[in-house]
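Inspection log for the structure reproduced underneath, given as structure tokens.
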Amino acid sequence: LTIVDDPLAARLRSIVGETHVLTDPAVTSSYTVDWTGRWRGACRLVVRPGSVAEVASVVAECARFGAPLVPQGGNTGLVGGGVPAGGPGPGSVLLSLRRLDSIGPVDRDAGQVVAGAGATVAAVHQRAREAGWDFGLDFAARDSATVGGAVATNAGGERVLRHGPARAQVLAVQAVLADGRIISRISDRAAGGPVKDSAGYDLGALLVGSEGTLAVITAVRLRLVPLLPARVVAMLAVPTTDAAQRVVGLLRRRLDTLQSAELFHADGLALVCSELGLPLPFPEEHPTYLLVECAGRADPTDGLVEALAGATEVRDAAVAADAAGRAALWRYREGHAEAINAAGVPVKLDVAVPPAVLARAESDIRRAVRAAAPSARVVLFGHIAEANLHVNVLGATDVADAVTEAVLHTVAGLGGSISAEHGIGRAKAQWLHLSRSAEEIAAMRAIKTALDPAGLLNPGVIHS
Ligand SMILES: Cc1cc2nc3c(=O)[nH]c(=O)nc-3n(C[C@H](O)[C@H](O)[C@H](O)COP(=O)(O)OP(=O)(O)OC[C@H]3O[C@@H](n4cnc5c(N)ncnc54)[C@H](O)[C@@H]3O)c2cc1C
């Protein structure tokens, strides 16, 4: 089958128009490599529908052709789930949802908004803020990551401690099933729809974290949170991870304004400063750093400073309440992913452990990586309130499976989860059994088979 004669491409062109079916590998290649450069593949074609009706027709047509489909939003996912694997045969159709980027009017009194799956997280922030509300989900990839991708991966990020992960922001979902039928709990009328809904199974909730394996999400009705315009950020130097946890515990007990608590270490900070050309934040180096953010209607700075007065383990602190100063401090934390990428292609793992064993998990993970890849460089950082560690290993792509095996077994042995917020994707599919029992995996497979009997939606993702 050559690409020019592909009858599926011709059918899809008749649905979405000439310009929205891409077959030239020089053009499609940007869709088939992930943000880190570790996951690369190939696809049969890229199709970019512009409405839910077009998505439904595209999916139905692919089903008729028996063509596997890989949904993709902003392609910022970190587990290879939005990038087709490639390999023999005509390959998968890459279904880009980015054109579904409309955002409806904010329901100002109820605090909800309908966003197309392709709207970026940053665009939803903006729409919500213009209406005096805010969107509770936030992370560094906000300008590219889409609402559909965030919901499909149950993304977490920097405000989970206050607002919960993507799951907690979803009121209702519209989606296209594997055969092209549409399911929707989103009303066509204004921005509305019920805020409470217990009428049977919550199919939208089932799609949260389904990584494109059960249906294609086309729109989401999102819960908004109050806009808290007064913010303060503090970067704190502490001696250990245990100390960092104690400081966060104290702040959580004393402050109702705390919304972020991020952890990183001297090695990560040094990499960020050298790769991104930033000045060191403190005159002396410290083993561990915490970045905290508080937000309120009134300036939360005094409350934070007062609460920190009781935190004897804080060795140094930088505090910023103005926008430029806050952004400069956040750069030390949010710059981690970018600095690691600049230093090489990382093996990236995202895990959560019971908070009580976080420090032990860090040292066990470092030891496990050393055993699997003695010359590799490990950078750990993460969202400390959920004991969620991002494990980044540089110089180990040739032994990626051995490193993954070692880290995930270590985490499972500590009673943790092999994926805190990035999902399973392709990267961790063969290790799902470390976090899910045989009974759970059987139930998940039964759901997959019921909704996608031909196995066309994102094959190889979640289920190996
Ligand atoms: C710099 C950086 C920082 C990040 N920080 C965080 C963080 O703090 N917290 C966090 O949780 N994640 C983080 N991520 C990971 C990533 O941004 C999130 O997983 C994000 O939600 C993915 O959105 P996306 O639109 O890019 O999805 P994609 O990468 O396009 O897809 C991700 C998965 O969702 C599926 N999918 C996408 N759209 C749909 C749809 N409409 N319907 C069905 N399935 C779909 C894909 O098939 C794939 O399996 C970060 C990534 C980067 C690059």
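Computed from a prediction, not measured in an experiment: that's the story for all the values here. Order of listing sets the numbers, starting from 1, for every ligand and every atom in it. The basis for the numbers below is simple: all heavy atoms, side chains too, and nothing from hydrogens, waters or symmetry mates.
Looking only at side-chain heavy atoms (C-beta outward), L258 and V292 come within less than 4.5 Å of each other. Put simply, the side chain of V173 reaches to within 4.5 Å of the side chain of I217, judged on heavy atoms. Between L228 and D134 the shortest side-chain heavy-atom distance does not fall below 4.5 Å.
With ring centers used as reference points, H390 lies under 6.0 Å from H422. In this structure, the ring of Y289 has its center no less than 6.0 angstrom from the ring center of H265.
Residues with a heavy atom under 4.0 Å from ligand 1: W35, P71, Q72, G73, G74, N75, T76, G77, L78, G81, G82, L97, A117, F139, A140, A141, A145, T146, G148, G149, A150, A152, T153, A155, G156, G157, E211, G212, A215, V216, I217, A337, H383, E421, H422, N458.
The residues E293 and R333 are annotated as not salt-bridged, no charged nitrogen and carboxylate oxygen being separated by less than 4.0 angstrom.
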